[in-house]
Number of protein chains: 2
Amino acid sequence: MSRAQQKEKTRRAIIDAAFAQLSPDKGFSSLSLREVAREAGIAPTSFYRHFADMDELGLTLVDEAGLMLRQLLRQARNRIEKNGSVIRTSIETFMEFVVGNSNVFRLLLRERSGTSAAFRRAVAREIQHFCAELADYLRKETACPDEYAQMQAEAMVTLVFHAGADALDASPESRVQITLRTIVQLRWLAHGAAGYGRRPKD
Amino acid sequence: MSRAQQKEKTRRAIIDAAFAQLSPDKGFSSLSLREVAREAGIAPTSFYRHFADMDELGLTLVDEAGLMLRQLLRQARNRIEKNGSVIRTSIETFMEFVVGNSNVFRLLLRERSGTSAAFRRAVAREIQHFCAELADYLRKETACPDEYAQMQAEAMVTLVFHAGADALDASPESRVQITLRTIVQLRWLAHGAAGYGRRPKD
DNA sequence: AAAATTAGCTTACAGTTGTAAGCTAAAAGT
DNA sequence: ACTTTTAGCTTACAACTGTAAGCTAATTTT
């Protein structure tokens, strides 16, 4: 095996080790370099051959998580074409992602409000992609005026992410409730944004 | 000074020390018992005379933060009576709280999605109070049907909290934008929930 | 007045952490 | 074939952590 190949392999081992050690009770910030190295099967100091410090590893993890989010978007679009119900299909797809990749979602969720400004920015950027694509869609497909599409998308993503967070701590039965609740909330938003001309009283 | 009084005093010193050490770069989980004890002016081991461990201290902090939230609600109600504009006044009051007590708000924000299930539950409970009071208000004052008041309140609180989180990282000028954005989003929700009979298309 | 309780102290220990220094062996470059 | 580069190793150290054990002095109880 070439040196470059081998290096890439251990790099992956480190990343996978980090993801593997994330859990409901353990966030990235309580991950230690030594632990990660141990799980990856290398000496602690060898870690530095791949990342300058834990922060650099963390940003890599966030990047990978963002990649998975974008894959999720494509998957949702496919399903919508077959199914038709935009809001319901989107939320259900998202919920499957959250439950099936809970470690990945939790990473985004925690670092979004974590202690590192760099991490927060990185997560915000990934979520921003999400919003931008949704806003595009809203502009094309709905009665929502252009300037409001972005704000509507942001509100929707906020509510859906929050629902995902709730789902992580909930039983499978309550997850159904959370999904239903979120569907209604998103419909209100869509309805409200479409009929924006008539303002509700303050 | 009586023994009980003195004890209460050091207990407060510990709590205040903990709050003081929270910062944009330092969450509760990266607070050490020794650091807190040092700042409180006591020996590390004396900490145990007041709290069984750091978790117990953390839950106390969350409780205090929740108390401040409820005070905030009362303040908002007073202002609404004078001012009239419910949504705008509420959001502006909330934003003032976030900026003025950023350490307290950050605590809630972080522990809401933190690694300790007990902390998450504690924060969820405090936010639940918020939602319940708002739902009550919505039932009385708006056209929203009873069963939807709770869901609407939850959506509103989610959006407002999220706006608060954004505000923490934003410049004063962008805070104005965030506030305006949130006002519009909440109006949509109110509008959508009031006209719930006509469903928007999926 | 004597006894019991206790808030806070000092000392001590074992565990973990990040990372510096320097070696080895193998791959890549010449 | 010789030199350079480098991924990974071992060893080492200083800093910090939580907390156990036991003392002191002052308040409270009896």
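Here the P atom of nucleotide C:dT10 and the CZ atom of B:Phe47 are 18 Å apart, to the nearest Å. The CD atom of A:Gln21 sits 14 Å away from the C1' atom of C:dT17 (whole-angstrom rounding). The NZ atom of B:Lys7 sits 8 Å away from the C1' atom of C:dT6 (whole-angstrom rounding). Between the P atom of D:dT28 and the CD atom of B:Gln6 lies a distance of 11 Å, rounded to the nearest Å. As rounded to whole Å, 11 Å separates atom P of D:dG8 from atom NZ of A:Lys9. A:Phe51 has its CZ atom 12 Å from the P atom of D:dG8, to the nearest Å. Between the CD1 atom of B:Ile42 and the C1' atom of C:dT10 there is a distance of 14 Å, given to the nearest Å.
With sequence neighbours left out, A:Arg181 forms a salt bridge (Lys or Arg N to Asp or Glu O under 4.0 Å) with A:Asp166, B:Glu154.
The CG atom of B:Leu59 sits 10.5 Å away from atom CZ of B:Phe51, with the distance rounded to the nearest 0.5 Å.
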Q. Could you run down nucleotides 18-30 of chain C 5' to 3' and tag each one B, S or - for protein heavy-atom contact under 4.0 Å?
A. BBB-----BBS--

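In this structure, B:Phe94 and B:Phe161 have tilted ring planes: the angle between them lies in the 30° to 60° band.
Contact annotation: B:Ser46 reaches the phosphate of C:dC9 (side-chain N/O to OP1 or OP2, under 4.0 Å).
Between the side chain of A:Gln5 and the backbone N or O of A:Ser2, at least one donor-acceptor pair lies under 3.5 Å.
Salt-bridge check for A:Arg77 with A:Glu133: passed, with a basic side-chain N closer than 4.0 Å to an acidic carboxylate O.
Using a 4.0 Å heavy-atom criterion, one finds that B:Arg38 contacts the sugar-phosphate atoms exclusively.
A centroid separation of 6.0 Å or more is found between the aromatic rings of A:Phe28 and A:Phe19.
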